[in-house]
> 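Below: one structure in structure tokens.
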Amino acid sequence: MNAPLRELTYAQAIQEALATAMEADKRVFIMGEDIGVYGGAFQVTGDLVHRFGEDRVMDTPISELGAAGIAVGAALAGSRPILEFQFSDFATLAMEQIVNQAAKMRFMLGGKVSVPLVMRLPSGSGTGAAAQHSQSLEAWLAHVPGLKVVQPSTPHDAKGLLLAAIDDPDPVMVFEHKLLYKMKGEVPEDAYRVPIGKAAVRREGRHATIVATSIMVHRALEAAEVLAGEGIEVEVIDLRTLRPLDTATIIESVKKTTRLACVYEGVKTLGIGAEISALIAESEAFDYLDAPILRLGGVDSPIPYNPVLEKAAVPQTPGIIEQVRNLVKGRI
Amino acid sequence: MNAPLRELTYAQAIQEALATAMEADKRVFIMGEDIGVYGGAFQVTGDLVHRFGEDRVMDTPISELGAAGIAVGAALAGSRPILEFQFSDFATLAMEQIVNQAAKMRFMLGGKVSVPLVMRLPSGSGTGAAAQHSQSLEAWLAHVPGLKVVQPSTPHDAKGLLLAAIDDPDPVMVFEHKLLYKMKGEVPEDAYRVPIGKAAVRREGRHATIVATSIMVHRALEAAEVLAGEGIEVEVIDLRTLRPLDTATIIESVKKTTRLACVYEGVKTLGIGAEISALIAESEAFDYLDAPILRLGGVDSPIPYNPVLEKAAVPQTPGIIEQVRNLVKGRI
Amino acid sequence: MAKPVAAAKSEAASNQRPFYKQFTPEQLKEALRRMCLIRRFEEGAEEAYMRGLIHGTMHLSIGQEASAVGATMALRKTDYITSTHRGHGHCIGKGADPKLMFAEFFGKEEGYCRGRGGSMHIADVESGNLGANGIVAGGIPIAVGAALAIKQQKRDDVALCFFGDGATNEGAFHEALNMASIWKLPVVFVCENNKYGMSVSTERSMAVANVADRASAYNMPGVIADGNRIEDVAEAVTTAIARAREGQGPTLVECKTYRTRGHSRSDRNRYRTKEEIEEWKLRDPIGHFETELVANGIATADEIAAISAAADAEIAAGIDFARNGTDPSPNDVTRGVYTPGNPS
Amino acid sequence: MAKPVAAAKSEAASNQRPFYKQFTPEQLKEALRRMCLIRRFEEGAEEAYMRGLIHGTMHLSIGQEASAVGATMALRKTDYITSTHRGHGHCIGKGADPKLMFAEFFGKEEGYCRGRGGSMHIADVESGNLGANGIVAGGIPIAVGAALAIKQQKRDDVALCFFGDGATNEGAFHEALNMASIWKLPVVFVCENNKYGMSVSTERSMAVANVADRASAYNMPGVIADGNRIEDVAEAVTTAIARAREGQGPTLVECKTYRTRGHSRSDRNRYRTKEEIEEWKLRDPIGHFETELVANGIATADEIAAISAAADAEIAAGIDFARNGTDPSPNDVTRGVYTPGNPS
Ligand SMILES: Cc1ncc(C[n+]2csc(CCOP(=O)(O)OP(=O)(O)O)c2C)c(N)n1
Ligand SMILES: Cc1ncc(C[n+]2csc(CCOP(=O)(O)OP(=O)(O)O)c2C)c(N)n1
Ligand SMILES: [Mg+2]
Ligand SMILES: [Mg+2]
């Protein structure tokens with residue numbers, strides 16, 4: 001295909017996926033707080049309510065637990081709900097339905113039902129919204145069998161992973177990053193899917209592998225660019241799916257580069273980097289390792305309001321450069 | 001002291017800690033579902049309501065989120081609440097208050113308050129209560145800065161850690177194991193504390209280290225005993241506290257034994273073993289490792305009802321023996 | 001002088017409650033059959049449990065059969081129910097086969113949940129039962145979601161949601177009823193108020209005297225029925241179902257009833273008196289219904305005895321079936337977590 | 001012919017609402033001062049935000065000052081409040097110092113939360129404000145917990161809990177009000193019903209017309225006050241506080257009001273009309289109170305002008321103070337997570 005490149009923002013790409021799915025399948029509907037005439041807190045749903053009507057773009061009361069349960073029930077009864085949490089932090093109110101019901105229903109009922117729902121969770125820090133509006137809780141949900149968890153880092157993947165999530169017969173949690181909503185990138189017009197469970201090698205390299213998620217993919221790529229100028233060639237893997245993990249792609253890369261750093265925004269302790277590290281440490285790649293496995297994650301603190309502190313709380317490009325340089329130079 | 005040894009069950013030890021704390025400090029009270037005249041779903045509070053009255057042993061309605069918030073507010077206003085969740089699974093309803101409020105309040109308010117509360121969370125599988133009554137979600141809370149998380153494996157520690165938790169000015173989550181409630185062990189009568197943040201070496205060895213939590217400590221010790229008969233000497237560390245981690249004890253052990261296995265009941269992926277593994281893989285102990293780091297955790301499935309499947313879903317002694325043997329013999 | 005039988009019958013008919021006209025004699029006898037089945041099923045399960053044949057825990061609804069059956073009588077197969085930890089009655093009420101329920105309790109592949117769910121997750125999706133729930137109030141928003149799907153799909157089905165008095169203290173109850181009401185969804189909320197949430201009485205856990213008193217906060221009718229009289233339950237719920245089908249929105253029906261067994265096997269009944277239990281035993285819903293069926297000329301004593309005997313036999317056969325079922329293989333422990341043939 | 005001033009005064013006095021007797025002239029003028037401070041504070045914060053001096057987000061309560069001040073007038077320093085994302089007014093009402101609030105907004109160590117919390121977590125524990133809350137309804141159970149502690153400690157203080165109309169659709173509201181009622185806790189629930197939860201009107205999100213209609217489900221008084229008239233709010237809340245102090249339990253007070261600004265800075269007001277906003281602007285609570293103070297002979301126009309000017313000056317000085325505050329060091333990023341000197 002030689003169609004001219006078209007750029008959309010990450011938010012527009014998500015909106016396009018929603019519209020595409022609603023047009024293709026009458027069962028698909030979206031629900032959430034202020035997603036109708038307000039257009040969503042981050043203007044992701046935008047004008048969809050005018051295109052699809054209030055019955056398919058449903059404003060809910062501020063009732064996260066109830067809304068999540070309604071999504072479960074609607075999915076069981078043949079509809080295809082997509083629930084937007086206004087901030088992923090508020091999903092803490094709905095954990096019961098997400099974890100005890102959506103994730104386990106199929107298993108508990110002996111495989112006799114599926115729960116095809118999608119939840120969208122705007123996450124991450126950097127907006128000055130402080131500790132209760134800035135969390136990255138994706139590791140929680142990646143810990144839960146029965147769920148699938150994706151975390152797109154580009155407009156292209158935001159659309160493609162969301163469409164794959166909507167197709168999926170099982171519950172899929174989509175962690176979006178608030179700072180990425182305005183990022184632009186190429187987005188094909190057709191209804192392509194990005195497969196759930198496949199990582200993407202964003203840059204090839206031979207001295208070290210960085211496995212990064214979400215916005216950290218971009219910081220890792222910036223760091224790789226700088227390090228390349230120093231002769232250090234870093235392979236950057238965009239994890240994209242946190243459950244199920246694309247173990248093969250990571251193992252293969254580490255066998256080649258012999259060094260691994262994980263860069264993620266969630267709290268370092270028990271964040272996704274812990275799993276990647278442990279995966280490698282128990283895999284065949286272990287024998288190839290020439291250095292300890294590095295984790296760069298969020299500090300052990302809630303996200304502060306003050307912007308300088310807020311930046312200090314999660315990995316930034318200069319820190320990634322320095323630490324990966326040390327890793328490759330054997331200083332860790 | 002030469003006081004004669006006294007044995008209590010794990011449940012009795014907890015009850016004794018509760019009584020001791022309530023006697024010593026008028027501010028301490030306990031709340032939860034059916035903890036009064038019923039004595040608690042697992043008979044942990046037993047007769048305490050008769051000793052301390054309904055105002056200090058408060059039955060709540062079935063309102064987990066509200067009860068957790070009430071605990072936060074009471075702690076802020078100078079009381080010392082201890083909240084029992086009937087099953088840790090139901091704490092999913094209260095995550096908002098636990099994670100957004102209790103854990104972050106001190107930080108968000110610039111360190112001007114403390115939130116001295118304790119939550120008790122009966123956890124784990126093995127009772128045939130199926131997927132919504134058998135989870136081990138301790139990794140979730142260990143991921144959250146602002147909380148402390150302990151997981152006693154013996155009656156002795158159940159009492160001592162709970163007393164330390166009640167003293168603590170910050171919110172402490174105590175994960176108890178339902179299968180341990182009836183386990184007996186030595187429990188001194190005095191009001192001793194087991195420090196939060198210190199692991200215990202339960203058995204010394206030189207060929208491999210097992211870091212285990214909760215009921216898995218006992219299975220690991222059984223396995224170590226069998227392996228000792230084969231000439232394999234396993235060091236068994238009871239982690240006891242999941243946040244903050246006693247990194248030093250683990251690193252020191254691994255440097256000595258050069259092999260590490262983590263045994264835990266929570267889902268393997270992103271369970272506590274992932275953190276222990278990653279900790280070692282990024283530490284000075286990495287260079288001492290003679291084998292990949294092994295994780296034995298729960299399978300990627302909700303807990304099944306059928307008892308055979310239920311056992312197959314979490315580590316059992318024979319599996320630990322086999323895998324640690326392989327680890328030491330270089331078969332992993 | 002005794003009136004001739006025919007006269008007595010016609011007089012009874014004129015005083016007859018709508019219940020006896022709304023349902024055919026066959027339906028009424030089927031209702032009794034289901035009540036008997038529930039009772040025997042639970043007695044059988046209890047015995048198997050005590051003999052160590054069934055593990056885990058279970059919550060018996062003995063004494064509450066009228067609400068389970070009365071509430072499900074007017075439902076179609078395509079209507080949904082969501083149920084609770086005390087859900088055996090709802091399951092049989094909605095049309096499940098006791099032998100497949102027993103197979104579930106025995107942890108067998110033949111069970112409704114292939115032995116993965118047990119008592120607390122008993123379900124029969126085929127007959128419209130979306131499942132019992134181990135989480136108190138967990139099924140309430142799920143029922144509302146099913147009702148939303150029904151409305152979206154322009155079906156005239158309804159979702160009926162069972163829950164206990166204790167469940168109404170959960171936030172999920174509040175959120176779900178509010179949304180059901182503002183969106184006028186075809187859902188019927190059936191609260192089985194058996195006076196206790198485990199050990200805590202409604203007096204100690206609720207600020208109002210009746211669960212139905214909470215309905216006004218959601219601008220929906222709140223109706224109280226005698227939960228031990230099937231005619232009372234069925235009339236109230238039938239009206240509510242009709243409202244729901246006609247697009248007039250939800251109703252909250254409170255069935256006042258009582259569980260004569262403990263909350264679960266570990267209950268020592270410390271929170272209530274023997275007298276209270278005995279008093280309620282006298283108000284047995286099955287005995288009451290049998291008397292009424294005879295009094296209303298719908299069934300003879302012989303027919304009733306036959307129904308009862310057939311239930312006994314069915315339960316005994318069900319237990320046999322279950323015991324001879326297939327044990328799942330430990331290799332299959334993760335089967336059913338995800339949908340196979342999954343695109344991604 | 002105009003009546004002589006004295007006569008008008010005494011006539012006014014005889015018609016006077018209890019409010020003007022319950023509080024001293026000094027208290028009433030202090031109330032006006034706080035209302036003015038709130039207004040100027042928010043205008044100042046808004047301007048600083050638009051000039052890029054403050055980051056993050058903020059929720060202005062312009063138009064709602066009467067409920068913030070009216071509800072806190074009868075509180076003591078040892079009473080608690082819990083507040084919301086729209087909490088600047090509550091904070092000043094309870095006695096906070098605007099310059100320390102500004103320091104917080106500017107992210108400085110001098111700020112109430114040492115720059116860690118910002119607008120959404122503004123608190124002043126010293127004055128009894130346990131904090132704004134970024135989670136809608138998050139503060140409701142916390143207030144109930146504070147009330148429980150008060151009762152346990154046999155104090156005669158109260159906890160007063162602010163929240164919006166939207167918050168009443170959260171399960172936390174339901175659970176908290178029920179427990180407050182069954183335990184008769186000294187808590188006052190003050191709902192600031194400004195017609196919208198972000199973009200969703202109460203008509204679209206609540207099944208009942210008034211938040212106060214929900215009180216009956218918790219067996220507590222539900223009172224409606226005109227939230228733009230401080231006398232109405234203060235009288236209702238003072239009664240509720242007295243009830244609470246006397247051990248008679250909680251009250252739900254609904255203050256009908258309106259936010260004339262958008263929900264937050266990103267709001268394009270698509271869900272309401274300009275006319276509606278303009279109509280409510282005419283009902284300005286500050287202008288109303290000024291008129292009433294003069295009419296009731298409590299303050300002269302000059303005094304009022306002086307109060308207003310003093311507020312302007314205090315706000316300007318507060319912003320200066322804040323801008324010159326101390327920036328936290330990035331090395332301190334984890335400071336305050338745990339209590340230091342911690343035993344374990
Ligand atoms: C969220 C949650 N909290 C607590 C429990 C433990 N529990 C199971 S049943 C029950 C009592 C429920 O009372 P009610 O709703 O009245 O139903 P009943 O048992 O009386 O039928 C409790 C507390 C649970 N299963 N789920
Ligand atoms: C649990 C939760 N859900 C959603 C939000 C996002 N949010 C912040 S304020 C708000 C509207 C709140 O409405 P209301 O309670 O009426 O207060 P108001 O803003 O009108 O003062 C929403 C939806 C949140 N902060 N917390
Ligand atoms: Mg009950
Ligand atoms: Mg509002």
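Within every chain, numbering begins at 1; the chains are lettered A, B, ... in the order of the sequence lines, protein sequences first and strands thereafter.
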> Name the option with the most non-hydrogen atom pairs under 4.5 Å to chain C; the candidates are A/G146, A/A165, A/G111.
A/G146
> Decide yes or no for C/F106 and C/I319: does some side-chain heavy atom of the first lie under 4.5 Å from some side-chain heavy atom of the second?
yes
> Between A/M95 and A/W140, is any pair of side-chain heavy atoms under 4.5 Å apart?
yes
> Examine whether an atom of C/R155 lies under 4.5 Å from a heavy atom of chain A, and if so say whether it belongs to the side chain, the backbone or both; otherwise answer neither.
side chain
> Is C/D156 paired with C/R76 through a side-chain N to carboxylate O contact shorter than 4.0 Å?
yes
> Got a salt bridge between C/K99 and C/E104, using NZ or NE/NH1/NH2 to carboxylate O under 4.0 Å?
no
> Strictly below 4.0 Å, N to O, side chains only: are C/E126 and A/K112 in salt-bridge contact?
no
> Heavy atoms only, distances under 4.5 angstrom: which of A/V115, A/V72, A/L109 has the most pairs with chain C? Name it, please.
A/L109
> For the candidates C/G138, C/A172, C/A176, which exhibits the highest count of non-hydrogen atom pairs separated by less than 4.5 Å from chain A?
C/G138
> Please rank A/G66, A/A103, A/S63, A/A67 by heavy-atom pairs under 4.5 Å with chain C and give me the top one.
A/S63
> Side chains of A/E16 and A/L18: does their closest heavy-atom pair fall under 4.5 Å?
no
> Under 4.5 Å from any heavy atom of chain A, what part of C/D124 do you find: side chain, backbone, both or neither?
neither
> Salt bridge check, A/R202 against A/D157: does any charged N sit closer than 4.0 Å to a carboxylate O?
yes
> Counting only heavy atoms closer than 4.5 Å, note whether C/I182 contacts chain A via side chain, backbone, both or neither.
side chain
> Nearest heavy-atom pair of A/A94 and A/E64: which atoms, and what distance?
CB-O, 3.7 Å
> If you count heavy-atom pairs within less than 4.5 Å of chain A, which of C/L148, C/N133, C/I140, C/I135 leads?
C/I135
> With a 3.5 Å cut-off and no angle check, do the side chains of C/T339 and A/S114 form a donor-acceptor pair?
yes
> By a 4.5 Å heavy-atom criterion (distance strictly below it), what part of A/D55 contacts chain C: side chain, backbone, both, or neither?
backbone
> Taking side chain as everything from C-beta outward and backbone as N, CA, C, O, which of these in C/D157 sits under 4.5 Å from a heavy atom of chain A? Side chain, backbone, both or neither.
neither
> Quick check: are there more than 12 heavy atoms from other residues, nucleotides or ligands sitting under 6.0 Å from CD of A/E252?
no
> If you tally heavy-atom pairs under 4.5 Å against chain A, which of C/Y80, C/W183, C/Y112 wins?
C/W183
> Under a 4.5 Å heavy-atom cut-off, does chain C meet the side chain of A/T60, its backbone, both or neither?
both
> Quick check on C/A143 against chain A: is it the side chain, the backbone, both or neither that has a heavy atom closer than 4.5 Å?
neither
> Side chain of A/R27, backbone of A/S79: donor and acceptor closer than 3.5 Å?
no
> Determine which residues belonging to residues 81-89 of chain C lie within contact range of chain A, meaning some heavy atom pair is under 4.5 Å apart, and list them by number or answer 'none'.
none
> Going by atom types alone, do A/S123 and A/E176 pair a side-chain donor with an acceptor below 3.5 Å?
no
> Looking at A/H177 versus A/Y10, is the centre-to-centre ring distance below 6.0 Å?
no
> Non-hydrogen atoms of chain A under 4.5 Å away: do they reach the side chain of C/V337, the backbone, both or neither?
both
> For C/V333, which atoms come within 4.5 Å of any heavy atom of chain A: side chain, backbone, both, or neither?
backbone
> What part of A/L93 is in contact with chain C, defined as an atom under 4.5 angstrom from a non-hydrogen atom: side chain, backbone, both or neither?
neither
> Please say whether more than 12 non-hydrogen atoms of neighbouring residues, nucleotides or ligands are located less than 6.0 Å from CD in C/Q248.
yes
